[in-house]
Amino acid sequence: MRIDVFTIFPAMVDAFAGQSLLGRARAAGVLDVRVHDLRSATTDPHRSVDDAPFGGGAGMVLMPGPIFEVVDRERPPRPLLYLSPAGRRLDQTLAHELAAMGGFSLLCGRYEGVDERVRRHLVDGEVSIGDYVLAGGEVAAMVVLEAVGRLVPGVLGNEDSVAEESFADGLLEHPQYTRPAEFRGWPVPEVLRSGDHARIARWRRAQALARTVRCRPDLIEARGGLSEDERRLLAELDG
Ligand code: JF5
């Protein structure tokens with residue numbers, strides 16, 4: 001899978017993509033992340049990418065020229081997605097949709113954003129990582145890279161963990177424990193050491209449900225409430 005990123009801070013994104021899970025996937029040839037410097041298509045001595053807004057006001061706007069030039073030159077995979085609070089909110093469904101594509105590209109804005117002609121005539125869509133304002137799209141692009149990258153087959157090296165994870169069925173994760181079996185007087189739940197895999201699976205499901213009901217009732221609502229089986233499972237926990 002190929003993901004191209006356009007930014008005025010290529011070193012930031014490139015360093016991130018070279019570390020940890022993404023770095024290993026990249027080295028293994030599973031993920032082809034290409035980072036492009038928006039300044040690479042500038043021609044003036046100052047390598048300018050921004051200018052003052054027509055109509056006045058604070059801040060600077062990324063000029064269309066350098067962005068169109070570098071995108072035309074690199075012919076990146078489409079869709080080309082602009083990171084902005086106006087975009088479709090990133091969630092696990094969108095992450096899966098993007099992971100199922102052969103590739104896509106990300107455009108990072110800075111300052112007051114990009115010239116509107118970039119949005120209207122160059123990008124294919126917009127993605128938001130949440131309702132807050134960042135100083136630039138780079139951190140948002142890194143969030144997309146990580147959320148999507150880990151779903152690409154061969155990246156995690158453990159395909160079970162993607163299939164197993166709670167968000168796959170709209171629930172939060174069940175609690176996890178590792179050694180020691182008792183830490184500062186706090187024991188690991190007995191069921192997890194029982195070796196009874198059916199009982200462990202039921203306990204985990206019940207814990208995930210209870211945690212989601214308590215912390216994220218909106219997620220329960222979104223999956224259409226609790227089934228009769230799920231109500232019974234939760235009742236067992238209380239009893
Ligand atoms: C950006 C101009 C874009 O702030 C964001 C953002 C918030 N949620 N998702 C993305 O993007 C960065 C900064 C300045 C345009």
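Just follow the structure's listing: the first ligand is 1, and inside any ligand the first atom is 1. Computed from a predicted structure; not experimentally measured.
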Closest to atom 5 (C) of ligand 1 by heavy-atom distance, out of A135, A140, P85, G109, is P85
among protein heavy atoms, the one nearest atom 8 (N) of ligand 1 is G130 O, 3.0 Å
Are the side chains of L192 and W203 in touch, meaning some heavy atoms are under 4.5 Å apart? yes
Less than 4.0 Å between a side-chain N and a carboxylate O, is that true for E190 and R199? yes
Point to revise | Donor-acceptor contact below 3.5 Å, side chain S105 vs main chain P77 | key: yes
of all protein heavy atoms, closest to atom 15 (C) of ligand 1 is Y82 OH, 3.2 Å
Exercise for review: Verify, without hydrogens or angle tests, whether R2 (side chain) and G103 (backbone) share a donor-acceptor contact under 3.5 angstrom.
Suggested key: no
Among non-hydrogen protein atoms, atom 13 (C) of ligand 1 lies closest to L134 O, 3.4 Å
Quick note on ligand 1: atoms under 4.0 Å from a heavy atom of G113 include exactly 2 (C), 15 (C)
What donor-acceptor contacts under 3.5 angstrom involve side-chain atoms of residues 208-223, with partners at least two apart or in another chain?
residue	atom	partner	partner atom	Å
R211	NH1	E173	O	3.2
T212	OG1	L172	N	2.9
T212	OG1	A208	O	2.6
R216	NE	D218	OD1	2.9
R216	NH2	D218	OD2	2.8
R223	NE	D169	O	3.0
R223	NH2	E230	OE2	3.0

Y132 heavy atoms within 4.0 Å reach ligand 1 at atoms 7 (C), 8 (N)
When V71, L81, L107 are each screened for side-chain contact (heavy atoms from CB on, under 4.5 Å) with V123, the one that passes is L107
Per-atom filter on ligand 1: closer than 4.0 angstrom to a heavy atom of S128 are 8 (N), 9 (N)
Here the atoms of ligand 1 under 4.0 Å from any heavy atom belonging to Y111 are 2 (C), 14 (C)
The protein heavy atom nearest to atom 9 (N) of ligand 1 is I129 N, 2.9 Å
A student checking ligand 1 against L83 at a 4.0 Å heavy-atom cut-off should list atoms 3 (C), 11 (O)
Show me the side-chain donor-acceptor pairs of residues 143-152 shorter than 3.5 Å, one per line, residues at least two apart or across chains.
residue	atom	partner	partner atom	Å
R150	NH1	E165	OE1	3.4
R150	NH1	E165	OE2	3.1
R150	NH2	E165	OE1	2.8

